[in-house]
Amino acid sequence: MMNNIIFFLVLIIYLLTLGGNVSILLLVCLDRQLHTPMYFFLCNLSILDISCSTNNLNNILVSFISGDNTVSILRCLVQIFIFLCLTCGELLILAAMSFDRYVAICSPLHYHMIMNARICILLAIICWVLGTVESIPIFLELMKFTCYKSNVVNHFFCDIMPVLKLSCSDTHFLDLYILTLGVIISAFSPFLMTFISYVFIIGTILKIRSTTGRRKAFYTCSSHLTVVSLLYTSLAIQYMRPHSLVNLNSNKLISLFNTAAMPILNPMIYSFKNKDVKVAFQRRMRFSLLLK
């Protein structure tokens, strides 16, 4: 009975993730008013969210259906690698979105010249490629592990911290990499880019004389700022500790938030807090009714 409840809960979460993010993708593709750099990057974010949920939740659904909870070591490590690639890519995409907001608010007259289609595509490619490259050293180091204390992963998917807990190999190098190079390159660099962008954005907003103008300028950044705050806070709590100090039970709850809640929240935040998306949705609905 409990297994059936968990299965349907995970299935509902997965379907909501797919539904919300696919809706964003279709809306942006169909509505020409949303063919802007901001929504181009939002589409990339939706693809990352769909991919991340599929990578992490799909195994749970398959194991419930088949009744087989086993996973090979290689498959487990590949799942970790894909998860790391997607997470690093998401942080970089969010940094690119903050740069887009910086240009839109601080240099509005040059916005279309700076954020042209070529630059946007180039930034997206860099984010996807860097996200993959940053994850390769961790994957290669994990491949060297040959000894594990148990064959049971205390998690609902293969994540790096539970696997490190199981390893009886020397993990000091990987600990050091995750806490220094991994955090600095994969997390702190995009965070710094985002932070600097918002320092300039807030400075520019405060210089706007009219209250309406300040409110409108801040409103255009509020969705992105909300997503960035939630994601960085949860990732910092989850990963910025040596694995010896990690409580796996509490980590599972945080990981569930990152894996299940964030991909659902992203389209909701960008839909409910974004006037352009709501107007575009209403426009599509009216058009569909006219066709009928």
Side-chain angles (χ1 to χ4, degrees), residues 17 41 44-59 71-97 122-146 148 153 155-167 169-194 227-228 231-243 246 248 251-252 254-260 262-263 266:
T17 300
F41 290 120
N44 278 267
L45 191 64
S46 290
I47 293 169
L48 285 163
D49 284 337
I50 291 169
S51 303
C52 192
S53 290
T54 302
N55 179 60
N56 296 341
L57 300 181
N58 191 48
N59 282 349
V71 60
S72 67
I73 293 175
L74 180 59
R75 186 179 167 189
C76 183
L77 296 184
V78 168
Q79 188 180 35
I80 292 173
F81 175 67
I82 293 172
F83 177 64
L84 289 173
C85 291
L86 296 172
T87 303
C88 293
E90 184 163 354
L91 295 177
L92 290 165
I93 287 290
L94 287 171
M97 291 174 78
L122 182 62
L123 281 173
I125 292 171
I126 289 171
C127 291
W128 282 88
V129 171
L130 272 182
T132 304
V133 170
E134 289 170 0
S135 307
I136 290 174
I138 295 177
F139 176 70
L140 293 177
E141 192 63 25
L142 285 171
M143 288 289 288
K144 295 177 184 177
F145 291 178
T146 55
Y148 293 93
V153 179
H155 214 293
F156 62 88
F157 72 95
C158 287
D159 196 8
I160 188 165
M161 289 303 180
V163 171
L164 285 179
K165 278 276 190 181
L166 290 178
S167 176
S169 303
D170 185 9
T171 62
H172 287 95
F173 173 78
L174 201 50
D175 271 342
L176 186 64
Y177 181 86
I178 292 170
L179 285 171
T180 55
L181 296 177
V183 171
I184 292 169
I185 297 171
S186 304
F188 186 70
S189 296
F191 172 78
L192 188 63
M193 291 168 61
T194 304
V227 171
V228 167
L231 184 60
Y232 272 104
T233 301
S234 58
L235 287 176
I237 294 170
Q238 187 174 0
Y239 292 110
M240 289 185 66
R241 292 173 291 170
H243 79 269
V246 170
L248 292 181
N251 249 33
K252 276 193 282 188
I254 302 166
S255 184
L256 184 64
F257 177 79
N258 286 335
T259 306
M262 280 302 295
N266 284 349

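None of the values given here were measured: they were computed from a predicted structure.
- A distance-only check finds no donor-acceptor pair linking the side chain of E90 to the backbone of L45 [under 3.5 Å].
- Across A124 and I93, no two heavy atoms sit closer than the pair CA-CD1, 4.5 Å.
- Between I80 and C158, the shortest heavy-atom distance links the atoms CG1-O, 3.3 Å.
- Using a 4.5 Å cut-off on side-chain heavy atoms (C-beta onward), F191 and V228 make no contact.
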Under the side chain to side chain contact (heavy atoms under 4.5 Å, CB included) rule, what do N44 and C127 come out as? Steps first, then yes or no, please. CA-CA 10 Å; N44 278 267; C127 291; over 6 Å; no

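- Rounding to the nearest 0.5 Å places SG of C52 at 8.0 Å from CG of L57.
- For A95 against T194, the heavy-atom pair with the smallest separation is CA-OG1, 3.5 Å.
- Taken from CG in L140 to CG in L77, the straight-line distance is 11.0 Å, to the nearest 0.5 Å.
- When every heavy atom of P137 is checked against every heavy atom of V133, the shortest pair comes out as CD-O, 3.3 Å.
- Each of L84, I82, T87 was scored for a side chain to side chain contact (heavy atoms under 4.5 Å, CB included) with S135, with one residue passing: L84.
- More than 12 non-hydrogen atoms from other residues, nucleotides or ligands lie less than 6.0 angstrom from CZ of F81.
- Here the straight-line distance linking atom CZ of F41 with atom CG of L92 works out to 11.5 Å at 0.5 Å rounding.
- Closest approach of I50 to T54, counting heavy atoms only: O-OG1, 2.8 Å.
- Residue M262 holds its CE atom at 11.0 Å from OG1 of T17, rounded to the nearest 0.5 Å.
- By the side chain to side chain donor-acceptor pair (under 3.5 Å) test, S51 pairs with no residue at all, sequence neighbours left out.
- For the atom pair CD1 (I47) and CG (L86), the distance works out to 11.0 Å, reported to the nearest 0.5 Å.
- With values rounded to the nearest 0.5 angstrom, L231 atom CG is found 7.5 Å from N266 atom CG.
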